Amino acid sequence: MADSEPTVFPNPSPPLRDIRSDELAAFAEDGVFCARDLIEERTIDRMREATEEVIRDTHVLGNGALDLAEKGFHGDIFVWKLNDAFRDLALFSSLPSLASQLLGSESVNFFYEQFFIKRAGSPVDTPWHQDIPFWPVSGTQIVSFWITLDSVTRESSGLEFVRGSHRWEHRYQAITPNYDPYMMDTDLPPSPDFAKQREETELLGWDMEPGDALVFDSVVCHGSGGNSSPTQDRRALAFRYAGDDVVYAPRHATMPLLWEHGLQPGQRLGGSLFPQVWPHVIESEISRRWEGPEPPSPKALEEFFEHLKASGFGPGGNKRSLFE
Ligand SMILES: O=C(O)CCC(=O)C(=O)O
């Protein structure tokens, strides 16, 4: 029998630039910084096209559980499992190398990505929150890159952060832009609305251009208003990476994992849902995805929608999910 050809994955793109020491210091001290000129123009162009395509046709929970399309908001998660532009940015771009510089971790795994689209005039705000209470993981080494595909200001729903809040001990209830009860952990208190406490709170926010990225910790408090620009959409992608200390820690009221992952509680992230991306990808973890799109597990999806319906939140939108 002839030996099968080894699979050749794309070489990761080298970063446009490394993370500077002042940026590393801001990440440690403030929990967030705005990295200028981090992402190549051709990647931004590809992701604009891919995002619009995903909103139209290909969704995991978009156009359903995560959308408020009638209010000009679109969101979705784990799109990398279905769309190749999202996959390539997650696994083969400069982000894994940049994440390794930020996390100081021996290896880095891709955690997941999500997008947040607020069309011009969308009133949908992003309630103040920390990210970690949303997730069925624990650990400190998680970094998010919030990549804007459009020019963004506070008026067009630029994110703001409470400086240094990543060092706070307390945790707040995670609240999604559609106030999804599935994700609300009633054991935790709701977050204050820090935008209403500007006098006594140090908020950080930046006007941004495509190619810039907000880089932030999983505990720092952040939020934004709606997009009050009459003409400018606000399209943003958040790609998240995890280091060595991040383990699977299932809890109630956290983001649903709609693919089989085979992890036991306490186990380091890895495998086909959270593949290693630094210092290199592991063929067995991504070979199935390399063959083509990987839809979510029908059973997990069914359970999720049942749960949503039970809490009064059925999938909406014009189209039903492709996977129902
Ligand atoms: O873009 C948004 O409105 C929310 C982004 C966010 O909260 C996040 O990426 O953690």
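These numbers come from a predicted model, not from an experiment. Indexing begins at 1, ligand by ligand and atom by atom, following the structure's order.
- Contact check on Arg240 versus Glu113 returns no salt bridge, with no Lys/Arg side-chain nitrogen under 4.0 Å from an Asp/Glu carboxylate oxygen.
- The aromatic rings of Trp290 and Phe92 sit perpendicular to each other, their planes meeting at more than 60°, with 30° as the lower class boundary.
- With 3.5 Å as the limit, one finds no donor-acceptor pair spanning the side chains of Ser13 and Ser93.
- Between Phe86 and Phe115, the ring-plane angle classifies as tilted under the 30° and 60° cut-offs.
- Exactly one residue among His252, Gln173, Arg171 makes a side-chain hydrogen bond (donor to acceptor under 3.5 Å, both in side chains) with Asp185. That residue is His252.
- For a heavy-atom separation below 4.0 Å, the residues in contact with ligand 1 are Phe116, Lys118, Thr126, His129, Asp131, Trp146, Leu159, Phe216, His222, Arg234, Ala238, Arg240.
- A side-chain donor-acceptor contact under 3.5 Å links Thr254 to the backbone of Arg251.
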